[in-house]
Amino acid sequence: MMALQAVALTVVAIAATAVVLVDDPVRQSMVASIMGLFLTSAFFALQAPDVALSMLAVSTVVIPALILLAAARVREIAGPGPRSGDDHDRDEGG
Amino acid sequence: MPPRVRTLLMGLAAASLLGLYVWGAAGLPDFGDTVSVYGTKVASVVSAERQTTNMVSAVVFDYRGFDTLGEEMILFISVVAVALLLRDARDETFEVTAEAERAERSPRGSDAVRALGLAVLGVTFLVGLYVVAHGQLTPGGGFQGGAVLGSALIGIYAAGNFATLRMLEPRGWMDAVHAAGAAGLALLGLGGLLAGGAYFQNFLYTGTSGDLISGGTIPIDNVAVGLEVVGAIALLAAEVLHDGVTAAPPPGEDAA
């Protein structure tokens with residue numbers, strides 16, 4: 001049991017680092033989703049099925065989906081490149 | 001604020017946080033150490049007192065129901081705040097929203113995703129209902145089941161089933177479900193007071209351990225929380241889908 005828990009926690013640590021290292025939010029949402037799945041198995045290995053269940057739904061489906069939806073909307077509106085407004089660019093600089 | 005000062009402030013804050021974290025972590029019990037007194041007590045008492053087989057549900061919705069009310073209010077208030085923020089921008093982006101809705105009507109995404117989405121939808125929905133209904137018996141409950149049901153709603157979108165999504169409009173029901181769930185839990189707590197006990201006292205007949213109807217108020221609390229969570233997820237997804245994020249800052253404003 002200890003070995004299983006150790007493996008699960010190590011995999012979570014690796015996956016979480018991967019999430020941070022990905023730059024693009026769209027890809028990041030997918031990596032985060034996989035990390036959620038590993039975290040779910042970690043909670044399961046730690047004998048916390050209630051927490052594992054909420055983790056499963058929230059972090060593998062709901063959060064990545066919301067990030068994706070938001071990113072899709074932003075992309076649809078903004079187009080492939082920075083389209084409207086020098087104001088916007090200037091805001092980022094200041 | 002000059003970048004150097006900002007970096008310095010950030011460094012100070014991070015260093016203090018690290019210090020506090022290490023200090024806190026050093027005082028924790030060892031990994032896998034003895035089960036707490038509270039845990040042992042609950043495990044020995046719950047099934048006789050409340051006829052529930054899931055100790056976690058009994059603690060969350062009965063013995064510490066007031067905590068759960070606080071947690072639920074955090075979710076409730078954050079979702080309301082997000083909805084308010086995003087709705088505020090709607091009027092400024094009328095044209096943009098129309099454009100986005102046109103894009104939504106034309107089919108997109110692969111057939112494989114749509115087929116898989118449709119296949120998984122019904123099962124997900126059923127599992128969600130099951131998890132909400134069996135919180136007092138097996139792992140799960142209102143929050144978990146509500147999140148699964150919310151995933152099913154998002155699945156409708158992933159499956160590209162816009163006709164079904166249209167049926168979910170107007171969004172009034174989401175606000176109603178969200179609010180009814182939150183209010184329901186608070187009112188269920190009041191029931192304990194009316195029965196002459198304390199707030200969130202379990203005032204209903206607790207039934208037989210292992211039956212679907214057991215645990216007194218615990219399953220009803222689960223339904224309330226389930227409603228709240230479904231409403232919250234639906235509301236969030238709908239706000240993001242239909243207006244909010246589409247709002248580009250209007251030129252000349254937003255210089256904060």
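Worth knowing before you read on, the calculation uses all heavy atoms, side chains too, and leaves out hydrogens, waters and symmetry mates. Note on naming: letters A, B, ... go to the chains in the order of the sequence lines (proteins, then strands), and numbering restarts at 1 for each one.
Here the CD atom belonging to B:Glu239 is positioned 11.5 Å from the CG atom belonging to A:Leu66, to the nearest 0.5 angstrom.
Here the side chains of B:Asn54 and B:Gln136 are not in contact, with every heavy-atom distance at 4.5 Å or above. You'll find the side chain of B:Ser209 reaches within 4.5 Å of the side chain of B:Thr53, heavy atoms only.
Taking the centre and axis of the six-membered ring of B:Phe61, the NZ or CZ atom of B:Arg50 falls outside the cone set by 45° and 6.0 Å.
For B:Val131, the part lying under 4.5 angstrom from a heavy atom of chain A is the side chain only. If you measure heavy-atom distances from A:Met2 to chain B, the contacts under 4.5 Å come from the side chain alone. Contact annotation for A:Leu56: neither backbone nor side-chain heavy atoms come within less than 4.5 Å of a heavy atom of chain B. Residue B:Leu236 touches chain A through both its backbone and its side chain, counting heavy-atom pairs closer than 4.5 Å.
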